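From a predicted model like this one, the values you see are computed outputs, not experimental measurements. Convention: sequence-line order gives letters A, B, ...; per-chain numbering from 1.
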Amino acid sequence: MTAHDARLVGAYELPYRHAPDKSLAQMQAEAALGAVADAGLSLKDVDGFFCGGDTPGMGPMSLIEYLNITPRYVDSTETGGNSYVSHVARAARAIDAGLCDVALITLAGKPRTPAKGSRPMTDSNKPDQDFELTYHPTVPANYALAAQRHMYEYGTTSEQLAWIKVAASHHAQHNPHALLKDVVTVEDVVNSPMVASPLHRFDCCVITDGGGALILAKSEIAKRLNRPSVKILGTGEAVKHQGAGDIDLTWTAGKWAAEKAWKMSGCTPDQIQYASIYDSFTITVLLEIEDLGFCKPGHGGGFVAEGNLISGKGKLPFNTDGGGLCSNHPGNRGGMTKVIEAVRQLRGEAHPAVQVPDCALALAHGTGGSLGTRHGASTLILARED
Amino acid sequence: MAEDHKMTYADPWMLPETKGFWEALNDGKLVIRTCNDCGRGHHFPRAMCPHCYSSNLEWKESDGTGTIYSFTAQQVKGGGKYVYAYVEIADRVRAITNIVDCDPDALQIGQKVKAAFRPSASGQNILVFTPA
Ligand SMILES: [Zn+2]
């Protein structure tokens, strides 16, 4: 299989992390305008629109109306925080199929300033409701279950998980927009307050208002633009769940998503120069690194330790913007910023202190939903335009 | 022993196909939805077997014992903690639950636990576990 004809041509991350005075639609529009401007295009050029469940109103429609655009193709696939990684694959397929020429993907969220009259927490039609929410799950608790089991099966330690946060903090110090800019140590992480054992506060991502947007265009359009474009060599998506009770918490849907992406791209993990890896929690990164094939199952702890994820130091520079652990997790959804930082790296536009030299091949990976119950995963293999 | 945070339980919605599960709990029994065609149990209970899609199902009574598959001690704002866990209640049937009346810091994966019952707001029994 050959790479997609469609190219990633625009990427924009809202610079702020707290937006008490902005509406959600306004934030999405700011992100969209930023991304089309980055590409050297206009919203008038957009004829494909992709969004996730963060968008206010019914599916994609309210935002399409707010932006006053008339796309001929829409997709509002929703699998949680990784949705925007999936949207890149879906937009590329739509462009290749001639369904649209210029695709816009948006995300925004403002969990620090919740909407008035938000949706009810419970849904009596949700079949799993009584058997989960009854027991007072929290988001960290549903990831802690995976961490605890991985530690039990493979001897993974809190100190090894801490290295993931340490690496992210080394990158965040160079990002002026990062919410947390202080470099932290392994001791800082394991001594931070326990949230849901074995996960400490510093094992958890930040909560931020924010967002971002991406533009894809067919190659013929990309060639005319003044910006470096990015090729999409491989994509994969998957959903994993409890399997009617037969759940295995030691690996994620990323294993299935990555298998497809590697196969489609013809690339192998050792070729990847930079990786954006979804970091809702440190354990998310550790499991994904194993599932993506950067190391064997159970070897993630050893792989991430001793700064191996730090750009300029380790074998696998990851999340050079500071990631969700330190910089931004807009709307509790980190997939968009994963793709944006991969695009920056492939354009040579990451911060000089963290830019991977001559970065030609990168990976962006997302996990959405909950590792403890059901989650989606998506993988992209991306390359610099030759 | 660290006292666990005292849990309160909302009334379950009780979808039609799960009624037998809730009724059994009120009789002090744990039942597992089990397929008479392929023999496998599943959880949460469905109207058809999620393994072979047969609707030939029964409520199979368990002896109420299980083993901890994974757990976490969730800290509560203002102090205390409670345990959120997966307990294996039958072969490859792992159920989300709370483990109560325990020292959260002394629990171990693989530890034996037994079913216990806590009332919801209106008195429906809710399934939880305690160390065996
Ligand atoms: Zn069956």
Side-chain angles (χ1 to χ4, degrees), chain A residues 120-156 158 161 192-201 203-204 241-251 281 283 287 370-374, chain B residues 5 7-15 17-18 21-22 32-33 35 40-47 49-51 68-77 81-100 104-105 107-110 118 120 124 126-128:
Chain A
M121 286 297 288
T122 62
D123 172 1
S124 63
N125 283 316
K126 214 155 81 76
D128 42 79
Q129 168 102 8
D130 285 345
F131 301 92
E132 289 173 25
L133 288 195
T134 296
Y135 298 106
H136 304 271
T138 63
V139 178
N142 265 322
Y143 284 77
L145 292 177
Q148 193 86 276
R149 186 72 197 183
H150 200 273
M151 288 177 167
Y152 173 80
E153 290 201 20
Y154 296 118
T156 306
S158 288
L161 287 178
S192 66
M194 195 65 88
V195 173
S197 64
L199 299 180
H200 306 80
R201 182 178 292 165
D203 287 298
C204 307
H241 49 70
Q242 297 176 95
D246 195 8
I247 192 166
D248 183 339
L249 290 171
T250 61
W251 57 279
F281 297 90
I283 184 62
L287 296 185
S370 176
L371 288 189
T373 56
R374 58 200 69 79
Chain B
H5 174 74
M7 308 296 285
T8 57
Y9 294 100
D11 292 329
W13 295 99
M14 294 193 275
L15 296 182
E17 68 268 39
T18 68
F21 178 83
W22 300 108
I32 295 160
R33 203 63 167 145
C35 177
R40 284 189 72 177
H42 70 267
H43 190 79
F44 48 88
R46 277 105 154 147
C49 171
H51 300 296
I68 299 176
Y69 173 73
S70 195
F71 71 97
T72 178
Q74 170 70 47
Q75 301 288 323
V76 179
K77 268 184 195 140
K81 48 190 149 185
Y82 63 91
V83 176
Y84 177 72
Y86 267 108
V87 166
E88 184 153 306
I89 54 176
D91 181 38
R92 287 177 295 162
V93 182
R94 295 164 186 153
I96 287 176
T97 189
N98 294 132
I99 298 171
V100 301
D105 299 320
L107 292 178
Q108 305 270 345
I109 287 178
R118 291 286 179 275
S120 73
Q124 165 65 46
I126 301 294
L127 174 69
V128 296

NE2 (B:His43) and CG (A:Asp246) are apart, to the nearest 0.5 Å, by 13.5 Å
Once rounded to the nearest 0.5 Å, what's the spacing between atom CG of A:Asn142 and atom CD of B:Gln74? 10.0 Å
Heavy-atom distances under 4.5 Å only: say whether B:Arg40 touches chain A with side chain, backbone, both or neither. side chain
The interface call for B:Ala85 against chain A, heavy-atom contacts under 4.5 Å, is backbone
Side chain, backbone, both or neither: which part of B:Leu127 has a heavy atom under 4.5 Å from chain A? both
Gap between atom OH of B:Tyr69 and atom CG of A:Asp248 - 0.5 Å precision: 4.0 Å
Rounded distance (nearest 0.5 Å) linking atom OH of B:Tyr86 with atom CG of A:Leu145: 7.0 Å
Given a strict heavy-atom distance threshold of 4.5 Å, which part of B:Ala95 is in contact with chain A: side chain, backbone, both, or neither? neither
Could you check whether any side-chain N or O of A:Ser197 sits under 3.5 Å from a backbone N or O of B:Ala73, counting only pairs where one atom can act as donor and the other as acceptor? yes
Highest number of heavy-atom pairs under 4.5 Å with chain B: which of A:Ala196, A:Pro193, A:Ala244? A:Ala244
Side chain, backbone, both or neither: which part of B:Phe21 has an atom under 4.5 Å from a heavy atom of chain A? side chain
Could you check which of B:Arg92, B:Gln108, B:Met14 has the highest count of heavy-atom pairs closer than 4.5 Å to chain A? B:Arg92
Decide yes or no for B:Met7 and A:His136: does some side-chain heavy atom of the first lie under 4.5 Å from some side-chain heavy atom of the second? yes
Measure B:Thr18 against the heavy atoms of chain A and call it side chain, backbone, both or neither at under 4.5 Å. side chain
Across all chains, not counting sequence neighbours, the salt bridge (charged side-chain N to carboxylate O under 4.0 Å, His left out) partners of A:Arg149 are A:Glu153
I need the residue from B:Val128, B:Thr97, B:Ile126 with the largest number of non-hydrogen atom pairs under 4.5 Å to chain A. B:Thr97
Close side-chain approach of A:Pro127 to B:Phe44, heavy-atom, < 4.5 Å: yes
Distance, nearest 0.5 Å, that separates OG1 of A:Thr138 from OH of B:Tyr84: 8.0 Å
Side chains of B:Ile96 and A:Thr373, heavy atoms from C-beta outward: is any pair under 4.5 Å? yes
Check the pair A:Tyr135 / B:Val83 against side-chain contact (heavy atoms from CB on, under 4.5 Å), numbers first and verdict last. CA-CA 9 Å; A:Tyr135 298 106; B:Val83 176; over 6 Å; no
How long is the straight-line distance from NE2 of A:His150 back to OG of B:Ser70, given to the nearest 0.5 Å? 11.5 Å
Centre-to-centre under 6.0 Å for B:Trp13 and A:Phe131, is that the case here? no
What pair of heavy atoms forms the shortest contact from A:Thr134 to B:Tyr9, and how long is it? O-CD2, 3.3 Å
Interface residue of largest heavy-atom contact number with chain A, from B:Arg33, B:Arg46, B:Glu17, under 4.5 Å: B:Arg46
A:Asp130 vs B:Trp22 side-chain heavy atoms within contact, under 4.5 Å: yes
